Amino acid sequence: MNLDISLRSEIHKALAALFNQSVEQLQIQPTNKEFEGSHTLVCFPIAKVSKKVPEETAKLVGEYLLTHSGIVGSYNVVKGFLNLVITDQVWVEVFRSIYSNPNFGVLASDDKEIMVEYSSPNTNKPLHLGHLRNNFLGFSVAEIYKGNGYKVHKVQIINDRGIHICKSMAAWKLFGNSETPLSSGVKGDHLVGKYYVEFDKVFKSQIKELITKGVAEKDAEKQAPIMQLAVDMLLKWEAKDADTIQLWKTMNGWVYEGFSSTYKRMGVDFEKLYYESETYLLGKEEVLRGVENGAFIKKEDGSVWVDLTSDGLDQKVLLRSDGTSVYMTQDIGTAILRFRDFPNINKQVYTVGNEQEYHFKVLFLILAKLGYSWANECYHLSYGMVDLPTGKMKSREGTVVDADDLMAEMVNEAEKQTRELGKIEDMSDEEIKDLSEMVGLGALKFFLLKVDPKKRMMFDPAESIQLQGHTGPFIQYTHARIKAILRKADSLGILVEEGDLQKVTSLELAEREALFLINSYTNKIQEAANEYSPAVIANYAYDLAKEYNQFYQSIPIFNESDADKLKFRIAFSRVVADTIKKSMNLLGIQVPERM
RNA sequence: GGGCCUGUAGCUUAAUUGAAUAAAGCAUCUGACUACGGAUCAGAAGAUUCAGGGUUUGAAUCCCUGCAGGCUCACCA
């Protein structure tokens with residue numbers, strides 16, 4: 001049975017019978033812990049149609065539900081709040097239907113299809129903490145949509161061309177001495193990143209030198225020899241110069257190799273990769289088409305602009321006067337290509353930091369101007385930056401937290417703490433390694449996902465490595481502990497038949513409260529999808545684990561003398577473990593059998 | 001300067017489609033394993049929800065003003 005629907009329908013019946021009225025939106029909320037009951041009907045809005053004061057209205061509705069509904073066992077009224085106590089028989093029935101449904105919480109597919117873009121790094125340096133938030137967020141949102149019955153395509157756009165990679169190439173050419181990942185033992189993305197840093201160092205010193213010679217700063221930036229080399233490489237690349245293309249391919253190849261091991265450890269994946277070098281030309285064509293049909297303006301110097309002043313924005317350049325494309329140009333091409341590749345998608349989500357909100361606002365308007373009706377199906381999943389206790393991450397000041405380093409640290413710390421607790425002495429090194437990976441990454445992912453995406457967040461390394469409290473490992477631990485109970489039940493030969501459950505006629509408070517949470521799982525995954533917010537799931541999983549732990553501490557399972565109750569508690573524990581696992585998987589977090 | 005976002009216990013966060021005495025974690029203090037896993041649980045203490053006005057039966061939530069912080073407004077990506 002579906003408790004929410006039944007309850008609503010009973011209340012509607014009550015309102016019709018009592019006041020001959022209907023109320024469109026019933027306000028039902030969880031009952032505060034200090035009062036008895038689980039569901040609370042807020043009666044202030046209903047008072048308007050009942051023509052009675054809220055308290056009186058609440059009493060009438062409560063009394064009607066008590067005598068007519070068969071769901072409500074008792075009620076109490078506090079001010080205008082009607083607190084409803086659902087009978088234990090109904091709770092048991094709700095549980096039975098969840099327990100017997102192996103697909104509980106999996107929403108039926110209605111042929112909806114969505115594309116989620118995330119990650120999308122530049123290829124000149126390794127991934128950092130900010131990318132971790134991006135990747136975990138995008139991956140999780142994709143999983144949440146899957147959980148809502150959507151067909152999901154995970155993609156990314158790789159910014160593989162442009163001045164940034166040319167900078168690394170220039171520095172490597174000057175100082176690299178043919179160093180490769182193989183020759184140096186350095187991971188490919190880190191090696192390329194090293195030369196990007198090298199470029200910046202040399203560039204700065206060259207500027208300084210020029211300035212002491214009396215060159216203006218702005219001119220010095222252009223005249224610096226290493227910058228001229230990088231710009232020269234960019235031009236040669238666009239002219240398809242063979243040597244330049246070769247070097248570009250080689251260095252990008254190193255980066256991809258490095259990224260792929262980073263992605264693997266993160267546990268994220270992609271169905272299809274788009275490369276800027278393959279989409280910017282389509283973007284260019286589209287922009288020129290826009291000029292022909294009057295959507296865009298070509299100025300005298302040859303540059304192409306879109307005028308968005310009627311939308312409250314500015315004019316934006318789409319092609320430079322020399323005909324080369326800008327960032328926006330390739331995003332136009334990429335979007336169009338994606339809707340050609342996947343013509344059935346209803347929605348496209350871009351997981352990109354909030355510093356690009358303006359960019360995406362403009363992009364979507366441009367796509368609409370080009371006549372693509374799907375333009376308003378594009379959504380920018382904007383998230384806040386990750387700050388450190390010392391302030392913003394700044395690559396120039398060397399305060400960037402590297403993704404590979406951070407994951408390694410988290411896993412090491414997890415292993416250290418696991419070994420200290422000494423619960424896994426019979427595990428092989430291999431098993432301990434897998435477990436540490438699960439716990440370390442679980443802690444990191446949960447830490448980054450529990451905060452509302454749109455908010456800026458603080459990453460405190462000391463706090464993130466905590467495995468107690470409001471953390472991923474806390475939830476993983478709860479799961480492992482339930483699994484221990486289930487193993488014991490198996491070893492005792494306790495078998496739960498569906499029919500056994502209905503013999504239970506009374507529940508403990510902690511059981512009712514956990515049941516309330518399990519019952520709200522489907523609502524939560526819908527809410528998480530509507531809001532594009534894994535934080536909804538993270539906090540749900542935490543609440544459920546916490547609630548179960550309270551149950552666990554206060555109520556005996558194997559010492560219960562009533563065999564039916566014992567079986568109920570085993571079954572109940574199993575459902576909690578399953579629900580925790582499903583929720584955590586939506587976050588990209590695995591849960592262990594033991595830890 | 002224009003636009004967008006944020007401001008909640010010492011710290012990190014919930015609650016933001018308006019609803020009851022604002023909910024957790026960390027840190028601090030006090031308790032709980034001869035019972036099913038103490039990475040747990042129970043309890044104490046901790047809040048003028050940035051400030052001031054307004055709307056409402058009811059405001060952390062909506063509106064206005066101010067303050068503080070962030071992002072953005074490139075022929076950069």
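To find a chain, count down the sequence lines: A is the first, B the second, and so on, and within it residues start at 1. All of these numbers come straight from a predicted model, not from anything done at the bench.
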A:Phe558 over B:A35, stacked by centroid distance under 5.5 Å, angle under 30° | no
With heavy atoms under 4.0 Å as the rule, sort A:Thr471 into base, sugar-phosphate or nothing.
-> nothing
Please check the phosphate of B:U72 (OP1 and OP2 only) for any side-chain N or O of A:Lys316 closer than 4.0 Å.
-> no
Look at the side chain of A:Gln550 and decide which nucleotide, out of B:C41, B:A27, B:C36, has an atom nearest to it.
-> B:C41
Run the ring-centre check on A:Phe459 versus A:Phe447 and record whether the distance is less than 6.0 Å.
-> yes
With heavy atoms under 4.0 Å as the rule, sort A:Thr324 into base, sugar-phosphate or nothing.
-> nothing
Taking the side chain of A:Tyr358 as heavy atoms from C-beta outward, which of B:G38, B:C73, B:A20 is closest to it?
-> B:C73
Whole-Å gap separating P (B:U57) and NZ (A:Lys48) | 8 Å
Angle class for the A:Phe360/A:Phe364 ring planes (parallel below 30°, perpendicular above 60°, tilted otherwise)?
-> tilted
When the distance from CG of A:Leu486 to P of B:G37 is rounded to whole Å, what number comes out?
-> 11 Å
Could you measure between the two C1' atoms, the one in B:A24 and the one in B:A45, and give it in whole Å?
-> 16 Å
Nucleotide forming a Watson-Crick or wobble pair with B:G69, both distances under 3.5 Å | B:C5
Decide, yes or no, whether a salt bridge links A:Lys33 with A:Glu547 under the criterion of side-chain N to carboxylate O below 4.0 Å.
-> yes
Taking B:A14, B:A77, B:A27 as options, the one with an atom nearest any side-chain atom of A:Lys455 is B:A14
Provide, to the nearest angstrom, the distance between the CG atom belonging to A:Asp311 and the P atom belonging to B:G3.
-> 16 Å
Would you say the ring centroid of A:Phe35 lies under 6.0 angstrom from that of A:Phe81?
-> no
Determine the interatomic distance between C1' on B:G58 and the same-named atom on B:C67; round to the nearest Å.
-> 28 Å
Provide, to the nearest angstrom, the distance between the CD atom belonging to A:Glu56 and the C1' atom belonging to B:U57.
-> 17 Å
Looking at A:Lys79, does any N or O in its side chain come under 4.0 Å of the phosphate oxygens OP1/OP2 on B:G58?
-> no
A:Ile555 near the nucleic acid: base, sugar-phosphate alone, or nothing, with a heavy-atom cut-off under 4.0 Å?
-> base
Considering only atom P, compute the distance from B:C33 to B:A51 and round it to an integer number of Å.
-> 45 Å
Between A:Gln417 and A:Glu531, the residue closer to the 5' end of RNA chain B by nearest nucleotide is A:Glu531
Do we see a donor-acceptor contact under 3.5 Å between the side chains of A:Ser120 and A:Tyr274?
-> no
Would you mind telling me which of B:A77, B:U57, B:C41 lies closest to the side-chain atoms of A:Asn549?
-> B:C41
Quick note, A:Met457 side chain, CB onward, closest among B:A77, B:U13, B:A20 is B:U13
Under 4.0 angstrom, heavy atoms only, what part of the nucleic acid is A:Asp387 near: base, sugar-phosphate, or nothing?
-> nothing
Over 12 non-hydrogen atoms of neighbours within 6.0 angstrom of NZ in A:Lys284 = yes
Please tell me which of the listed nucleotides, B:A19, B:U40, B:G37, lies nearest to the side chain of A:Gln468?
-> B:U40
Interatomic distance at P, B:A68 relative to B:C76, whole Å = 34 Å
Nearest whole angstrom, please: distance from the C1' of B:U13 to the CZ of A:Phe459.
-> 15 Å
Before accepting this row, confirm whether a basic side-chain N of the pair A:Glu357/A:Lys361 lies closer than 4.0 Å to the acidic partner's carboxylate O.
-> no
Fit a plane to each ring of A:Trp237 and A:Tyr280, take the angle between them on a 0 to 90° scale, and name the class: parallel (under 30°), tilted (30 to 60°) or perpendicular (over 60°).
-> tilted
N or O in side chain of A:Arg320 less than 4.0 angstrom from B:C76 OP1/OP2 | yes
Checking B:U40, B:G70, B:U21 against the side chain of A:Gln553 (C-beta onward), the nearest is B:U40
P spacing across the pair B:A22 / B:U61, given as an integer number of angstrom = 14 Å
What is the nucleic acid contact for A:Asn83, judged by heavy atoms within less than 4.0 Å: base, sugar-phosphate only, or nothing?
-> base
Give one of base, sugar-phosphate or nothing for A:Asn122, where a contact means two heavy atoms less than 4.0 Å apart.
-> sugar-phosphate
With heavy atoms under 4.0 Å as the rule, sort A:Ile485 into base, sugar-phosphate or nothing.
-> sugar-phosphate
Heavy atoms under 4.0 Å, any strand shown: does A:Met595 hit a base, just sugar-phosphate, or nothing?
-> base
Integer angstrom distance from the C1' of B:A19 to that of B:U6 | 25 Å
Below 4.0 angstrom from OP1 or OP2 of B:G38, is there any side-chain N or O of A:Tyr552?
-> yes
Spacing between A:Ile424 atom CD1 and B:G37 atom C1', to the nearest angstrom | 13 Å
Centre of A:Tyr542's six-membered ring, under 6.0 Å away, within 45 degrees of the axis: is that where NZ or CZ of A:Lys450 sits?
-> no
Partner nucleotide, any strand, of B:G43 [Watson-Crick/G-U, under 3.5 Å] | B:C29
Rounded to the Å, how far apart are A:Leu421 CG and B:U40 C1'?
-> 11 Å
With sugar-phosphate meaning primed atoms plus P, OP1 and OP2, does A:Ala480 contact a base, only sugar-phosphate, or nothing at under 4.0 Å between heavy atoms?
-> base
For A:Val317, which contact category applies under a 4.0 Å heavy-atom criterion: base, sugar-phosphate, or nothing?
-> sugar-phosphate
What do you reckon, is CD of A:Gln29 surrounded by more than 12 foreign heavy atoms closer than 6.0 Å?
-> yes
Would you indicate what A:Asn32 reaches in the nucleic acid, counting non-hydrogen atoms under 4.0 angstrom: base, sugar-phosphate, or nothing?
-> base
Roughly, in whole Å, what's the span from CG in A:Asn559 to P in B:A35?
-> 10 Å
The side chain of A:Lys392 lies closest to which of these nucleotides: B:A20, B:C73, B:C71?
-> B:C71
Using purine N1 to pyrimidine N3 plus N6-O4 or O6-N4 for Watson-Crick, or N1-O2 and O6-N3 for G-U wobble, each under 3.5 Å, what pairs with B:U21?
-> none
Ring of A:Phe44 versus six-membered ring of B:G58: centres under 5.5 Å and planes under 30°?
-> no
Reckon A:Phe474 touches a base, only the sugar-phosphate, or nothing at all at heavy-atom distances under 4.0 Å?
-> sugar-phosphate
For A:Gln356, answer base if it contacts any base atom (sugar-phosphate contacts may also be present), sugar-phosphate if it contacts only those atoms, and nothing otherwise; contact means non-hydrogen atoms under 4.0 Å.
-> base
Of A:Val326 and A:Lys361, the one whose closest RNA chain B nucleotide lies more 5' = A:Lys361
Under a 3.5 Å limit on both distances, the Watson-Crick or wobble mate of B:C36 is none
Mind checking the C1' distance from B:C11 to B:U16? Whole angstroms is fine.
-> 22 Å
Check: A:Thr40 side chain, B:A20 base, donor-acceptor under 3.5 Å = yes
Pairing partner of B:G52 (Watson-Crick or G-U wobble, both distances under 3.5 Å) | B:C64
Does A:Glu355 get its side chain close enough to the base of B:U72, under 3.5 Å, for a donor-acceptor pair?
-> no
If you measure from the P atom in B:G18 to the same atom in B:C62, how many Å do you get, rounded?
-> 9 Å
Remember a base hit wins even if backbone is also touched, and classify A:Lys546 as base, sugar-phosphate or nothing at under 4.0 Å, heavy atoms.
-> sugar-phosphate
